[in-house]
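Order of the sequence lines sets the chain letters (A, B, ...), proteins ahead of strands, with each chain counted from 1. All values below were derived from every heavy atom in this structure, side-chain atoms included, with hydrogens, water molecules and symmetry-related copies excluded.
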Amino acid sequence: MAEITSASNAAMSVAASALRAQQARMRVIAENLANSDSTSRTAGGDPYRRQVPVFEPSAVDGGEGVRLSRVVSDNSDFRTEYAPGHPGADAKGYVKLPNVDPLIEALDMREAQRAYEANLNVIETARAMDSRTLDILRK
Amino acid sequence: MALDDIPLFAMLRGRLGYLSERQRLIAENVANADTPGYAPRDLKPFTLPTASTLVMASVAPALTSPRHLAGVAPRPRPAYKPQTMADSETTLDGNAVVLEEEMMKLTQARMDFDAAIGFYQKSLGLLRLAARKPGAS
């Protein structure tokens, strides 16, 4: 980027980094939802484990942005279901199902959407302030 | 003479600088609205530069010898120091950003910015009026 970064430029880079981070979070949520019924291929094995995105502050030019630092596994217990005919069932006939709760994922998704919109709002405001300043040059 | 030597313009410039700095901080807060343990930062309410700093700004060193360099006294730039200001709620993961409040602050900063720019334009118009040839409309 340019060496001279104005405050509004920095604000936009910060907001852009957040947009990227929220996109990455949406990807993780999509993976969780898509795999909410993925069981183990081997008998008695573990199914898909829910992934949780973790954010951390990171420097972008001129400000403190955010980035998806890592994706960790949710270590809560799996659901079980009695299905003796299932290829993933253990000796007692129980199949482990992923620890994905569609309700939690839906709430997470809404939160990501809200954060995304808030950051778009920041960009829009920064742009409006810039163009308002440029209006002085007119007339 | 620069436009900034007029105290009114210097003040307006300070105000605009303050508001864009504040807007940058709000952007950081919004970006980190989901970062665990993040506390939002903001600037203290704007105060006008005192008369003494305004006078100091216009002092230039006198040139007593032709070999002196025309030094210009560095303009004391008011530093706005960001400080941690938690919003009304803190979530379980230690994040103290409330998006609604940040949006309010953002809109506030934008409205203040628009007001300052409007003021700036009016003041420029005033200068233009003074510079106009008498009789010309």
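With rounding to the nearest 0.5 Å, the separation of CG in B:Asp93 from CZ in A:Phe55 is 11.0 Å. Atom OG1 in A:Thr133 sits 8.5 Å away from atom CG in B:Asp114 (nearest 0.5 Å).
More than 12 heavy atoms of other shown residues, nucleotides or ligands fall within 6.0 angstrom of atom CZ in A:Phe78. Environment of CZ in B:Phe119: sparse, with no more than 12 heavy atoms of neighbouring residues, nucleotides or ligands closer than 6.0 Å.
Ranked by heavy-atom pairs under 4.5 Å with chain B, the first of A:Ala15, A:Ala128, A:Ser69, A:Ala126 is A:Ala126. Ranked by heavy-atom pairs under 4.5 Å with chain B, the list A:Ala16, A:Gly63, A:Ser17 is led by A:Gly63. Here B:Ala31 is the residue among B:Ser20, B:Gly17, B:Ala31 with the most heavy-atom pairs under 4.5 Å with chain A. Considering only heavy-atom pairs separated by less than 4.5 Å from chain A, the leading option among B:Arg22, B:Arg110, B:Glu102 is B:Arg110.
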**Study point:** side chain to side chain contact (heavy atoms under 4.5 Å, CB included) between A:Thr125 and B:Phe113, worked out
**Key:** CA-CA 10 Å; A:Thr125 304; B:Phe113 195 88; over 6 Å; no

Practice item. Could you check B:Asp34 against A:Gln22 for side chain to side chain contact (heavy atoms under 4.5 Å, CB included), going step by step and ending with a plain yes or no? Key: CA-CA 9 Å; B:Asp34 286 310; A:Gln22 297 297 340; 3.3 Å; yes

**Study point:** side chain to side chain contact (heavy atoms under 4.5 Å, CB included) between B:Gln23 and A:Ser8, worked out
**Key:** CA-CA 7 Å; B:Gln23 199 238 8; A:Ser8 79; 4.3 Å; yes

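The backbone N or O of A:Glu64 sits less than 3.5 Å from a side-chain atom of B:Glu28, completing a donor-acceptor pair.
With salt bridges taken as basic N to acidic carboxylate O contacts below 4.0 Å, one links B:Glu100 and A:Arg114.
Considering only heavy atoms from C-beta on, A:Ile136 comes within 4.5 Å of B:Tyr120 through its side chain. Residues A:Arg132 and B:Gln121 have side chains in contact (heavy-atom distance under 4.5 Å, counting atoms from C-beta outward). The shortest distance between side-chain heavy atoms of B:Ile117 and A:Asp135 does not fall below 4.5 Å.
Residue B:Leu19 is grouped with residue B:Met11 when hydrophobic side chains (ILVMFWY) are merged at heavy-atom distances under 4.5 angstrom, including chains of intermediate members. Under a hydrophobic-cluster definition in which Ile, Leu, Val, Met, Phe, Trp and Tyr are linked whenever side-chain heavy atoms come within less than 4.5 Å, directly or via other members, A:Val66 and A:Leu68 are assigned to the same cluster. Note on B:Met104: it does not cluster hydrophobically with B:Phe46, by side-chain heavy-atom contacts below 4.5 Å among ILVMFWY residues. Taken together through direct or relayed side-chain contacts under 4.5 Å among Ile, Leu, Val, Met, Phe, Trp and Tyr, A:Met12 and A:Tyr116 form part of one hydrophobic cluster. In the hydrophobic clustering of ILVMFWY residues, with side-chain heavy atoms under 4.5 Å counting as a link, A:Val28 and A:Val52 come out apart.
For B:Leu99, the part sitting under 4.5 Å from any heavy atom of chain A is the side chain, from C-beta outward, and nothing else. The part of B:Arg41 that comes within reach of chain A is its side chain, from C-beta onward, which places non-hydrogen atoms under 4.5 angstrom from that chain. Using a 4.5 Å cut-off between heavy atoms, B:Leu16 does not touch chain A at all.
The minimum heavy-atom distance linking A:Val122 with B:Ala27 is given by the pair CG1-CB, 3.6 Å. The shortest heavy-atom contact between B:Thr35 and A:Pro57 is CG2-CD, 3.4 Å.
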